[in-house]
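What follows is a set of notes on a single structure, which appears directly below.
Predicted, not measured: the structure shown is a model, and the values here were computed from it.
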Amino acid sequence: CENIDIDSESYSIDTIIPHIKYAHDIGIDDYIGFGLDTDGVGDIYPRDINLKSSIHDEIINMLSACGYGHEFLKKLCGNNFLNFILQYGL
């Protein structure tokens, strides 16, 4: 992978939420979820993420405030990953 030059000043939670909304809107709720790779991103966190808490918690709070339901949020937070592991025996 090439390094991507991201302007951290323009990168915000508003950059992330539309991607999740798009996946939800096109019906791929069973195939998306949080990765575990947020610990190696250096200083490229969205500017409005409070790093005193989990980046995932911040995103879940925002999605919940936008009206996304508990079942969808559970899938995003780990149920999809667990179902993948159970299905493919990895």
Side-chain angles (χ1 to χ4, degrees):
C1 286
E2 293 180 29
N3 288 333
I4 300 172
D5 186 20
I6 297 175
D7 175 10
S8 61
E9 289 301 314
S10 65
Y11 186 48
S12 73
I13 193 90
D14 296 326
T15 309
I16 297 170
I17 299 299
H19 292 283
I20 298 171
K21 181 183 182 314
Y22 177 76
H24 177 73
D25 290 349
I26 64 171
I28 60 171
D29 290 3
D30 294 332
Y31 305 99
I32 61 170
F34 291 127
L36 301 174
D37 56 352
T38 57
D39 61 343
V41 297
D43 293 331
I44 309 175
Y45 282 99
R47 69 177 179 274
D48 46 1
I49 292 291
N50 175 359
L51 295 180
K52 293 179 182 172
S53 64
S54 165
I55 188 171
H56 301 133
D57 291 344
E58 295 283 335
I59 295 169
I60 291 302
N61 289 338
M62 179 71 92
L63 289 169
S64 181
C66 290
Y68 287 91
H70 186 69
E71 289 304 312
F72 172 69
L73 298 177
K74 283 185 355 184
K75 289 179 181 183
L76 190 65
C77 289
N79 281 4
N80 283 345
F81 179 72
L82 178 60
N83 288 336
F84 178 84
I85 296 297
L86 293 173
Q87 180 176 351
Y88 295 101
L90 301 174

Margin query: Checking Asp29 now: which residues fulfil side-chain hydrogen bond (donor to acceptor under 3.5 Å, both in side chains) with it, not counting sequence neighbours?
Written below: His24

Item checked: Cys77 SG to Ile59 CD1 distance, which is reported to the nearest 0.5 Å -> 9.5 Å

Checklist line | For Leu82, all residues meeting side chain to side chain contact (heavy atoms under 4.5 Å, CB included), sequence neighbours excluded | finding: Leu86

Next item on the list: To the nearest 0.5 Å, tell me how far Tyr31 OH sits from Lys75 NZ.
Entry: 9.5 Å

Next item on the list: Tell me, with the steps shown, if Phe34 and Leu76 meet side-chain contact (heavy atoms from CB on, under 4.5 Å).
Entry: CA-CA 6 Å; Phe34 291 127; Leu76 190 65; 3.8 Å; yes

Note to self: Does anything in residues 61-74 form a salt bridge (charged side-chain N to carboxylate O under 4.0 Å, His left out)? List the pairs, not counting sequence neighbours.
What the structure shows: Glu71-Lys74

Check: Which residues satisfy the side chain to side chain contact (heavy atoms under 4.5 Å, CB included) test with Asn83, sequence neighbours excluded?
Finding: none

Next item on the list: Specify the closest pair of heavy atoms between Leu73 and Leu63, including all atoms of both residues, with the distance to one decimal.
Entry: CD2-CB, 3.8 Å

Next item on the list: Could you tell me which residues satisfy side-chain hydrogen bond (donor to acceptor under 3.5 Å, both in side chains) with Gln87, sequence neighbours excluded, listed by chain and number?
Entry: none

Next item on the list: Not counting sequence neighbours, which residues clear side-chain hydrogen bond (donor to acceptor under 3.5 Å, both in side chains) with Asn79? List them please.
Entry: none

Note to self: With rounding to the nearest 0.5 angstrom, report the CE to CD1 distance, Met62 to Ile17.
What the structure shows: 5.5 Å

Notebook entry, point to check: Is there a side-chain contact (heavy atoms from CB on, under 4.5 Å) between Ile16 and Ile20 once you walk through the steps?
Noted result: CA-CA 7 Å; Ile16 297 170; Ile20 298 171; 4.0 Å; yes

Note to self: For Tyr22, give me all partners under side chain to side chain contact (heavy atoms under 4.5 Å, CB included), at least two apart in sequence or on another chain.
What the structure shows: Ile26

